[in-house]
Amino acid sequence: MDYTSSEELCPVCGDRVSGYHYGLLTCESCKGFFKRTVQNNKGYVCVENQKCRIDKAQRKRCPFCRFQKCLKVGMRLDAVRANRMRGGRNKFGPMYKRDRALKQQRKAQAEALLASPREPTDSTDYVYSELHYGPLGDCRGPGQPRVPLFVLELVRCDPDEKVVQSKIRQSLQQHKLQWKKPGSPSLFSIMFVLAEQTLLSIIEWARTSVFFRQLQVSDQMTLLHNCWSELLLLDLISRQVLKGKEGHFFSSLDMKDGPGAGSGALLECALSSQYMGRFTQLLQCMSEIHFMSTLVEDYLWSKHESGEVLCNSLLIEMLHAKRSGI
DNA sequence: CATCAAGGCCAC
DNA sequence: GTGGCCTTGATG
Ligand SMILES: [Zn+2]
Ligand SMILES: [Zn+2]
């Protein structure tokens, strides 16, 4: 199989993937490392903080952290055979097949969307679902973790996701109907509507949230003006993390003129967040999110100046407020 | 018979 | 120990 075409990287060290190994796509070296470690019951010790960065250049330096990362990304101990029996297939065979089919299907969809910039194909539904605005699954996860009371209070103020989604769907439908230019709505216009409506729901959420609603309105405005783009990004990223296993949309989208062309940073952020639920790690992401938000704002501003965006939009209004306020 | 992931081999 | 390449063998 040829994995060179698809931009698949080893989730452990970032090296080139050579196939499915012990549960997922990894490189040849991590396959061998995992095998040796499990077969020989190797015990490693980390001489640092057990948080060593594992990449292609440094993976040899700390076997402990490397093995820890192998387990973290989902390599399966039970795929290493105790009998050392060679060849054949194990119980993961069907899973590999399904995963492969899924990846290929997604890739084909993305390519179809990108290969037809002028086609009358309507990408509204595709973008909507690919950004994980789709039907809400169980995002809470199985085990109910212990949560501080004030967080519960905040969560209680959450708007009904179904209501939010139905509003967004209505806006998209309306956008589709009102599209005057020939062909179907452009990718940018679709994402603009999505962002606009999402921002509306975010502001509505903020205004009704406990604590925030007790602030003076002028302070509320100042806060929102200052961080609306970060909130939008957080909303977007959280959708990818909670609902999407792979962020193929962005990696394949690579909006040529988009914010931070080939915005790998956001994708990395979303993907790596998949396994980090901790506050400190979230904080570490914030600087990156802030950086992305500046790119997003610059991008929107350029679109606005070139007249490709309606002036009476909330997004542009927020942009103006922020730029004039600073 | 082709596939392809699992184990084996062995220069480095 | 590492990792590129080889051999194996159940599955479809
Ligand atoms: Zn690797
Ligand atoms: Zn370490």
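A quick note: this is a predicted structure, and the numbers were derived from the prediction, not measured. Order of the sequence lines sets the chain letters (A, B, ...), proteins ahead of strands, with each chain counted from 1.
Note: CZ (A:Arg81) to P (B:dG8) measures 10 Å, nearest angstrom. To the nearest angstrom, C1' of B:dA5 lies 12 Å from OH of A:Tyr20. Rounded to whole Å, the distance from CZ on A:Phe34 to P on B:dA6 is 10 Å. In this structure, the NZ atom of A:Lys91 is 12 Å from the P atom of B:dA6, given to the nearest Å. Between A:Arg98 atom CZ and B:dA5 atom C1' the separation is 16 Å, expressed in whole Å. Here B:dC10 presents its P atom at 16 Å from CZ of A:Arg36, a figure rounded to the nearest Å. Straight-line distance from the NZ atom of A:Lys97 to the C1' atom of B:dT3: 12 Å, rounded to whole Å. Distance CG (A:Asp78) to P (B:dA6): 10 Å, rounded to an integer number of Å.
Using modelled atom types, one finds no donor on one side chain facing an acceptor on the other under 3.5 Å when comparing A:Trp205 with A:Ser201. For the 3.5 Å distance criterion, the side chains of A:Gln170 and A:Gln174 fail to qualify, holding no donor opposite an acceptor. Under 3.5 Å, the side chains of A:Glu305 and A:Trp301 contain a donor-acceptor pair of N or O atoms.
Side-chain atoms of A:Ser324 come within 3.5 Å of backbone N or O of A:His320 as a donor-acceptor pair.
Among the atoms of the strands shown, only primed sugar atoms or phosphate atoms (P, OP1, OP2) are found under 4.0 Å from some heavy atom of A:Arg59. Contacts of A:Arg61 with the nucleic acid, taken as non-hydrogen atoms under 4.0 Å apart, are absent. Within 4.0 Å (heavy atoms only), A:Gly19 reaches sugar-phosphate atoms of the nucleic acid but no base atom. Within 4.0 Å (heavy atoms only), A:Arg16 reaches no atom of the nucleic acid at all.
In this structure, the side chains of A:Lys103 and A:Glu8 come closer than 4.5 Å at one or more pairs of heavy atoms.
In summary, the aromatic rings of A:Phe33 and A:Tyr22 are positioned with their centroids too far apart to meet the 6.0 Å limit. A ring-centre distance under 6.0 Å is not found for A:Tyr20 and A:Phe92.
Listed pair A:Gln39 / B:dG8 meets the phosphate criterion, a side-chain N or O lying under 4.0 Å from OP1 or OP2. Applying the 4.0 Å criterion to OP1 and OP2 of B:dC4, one finds that A:Tyr3 has every side-chain N and O outside that range.
Distance from the side chain of A:Lys35 is smallest for B:dG7 among the nucleotides B:dG7, B:dA5, B:dA6.
Along DNA chain B, the nucleotide nearest to A:Arg89 and the one nearest to A:Tyr22 differ in position, and the one closer to the 5' end is contacted by A:Arg89.
Protein chain A contacts DNA chain C from C:dG1 to C:dT11, reading 5' to 3' and using non-hydrogen atoms of the protein with a distance under 4.0 Å.
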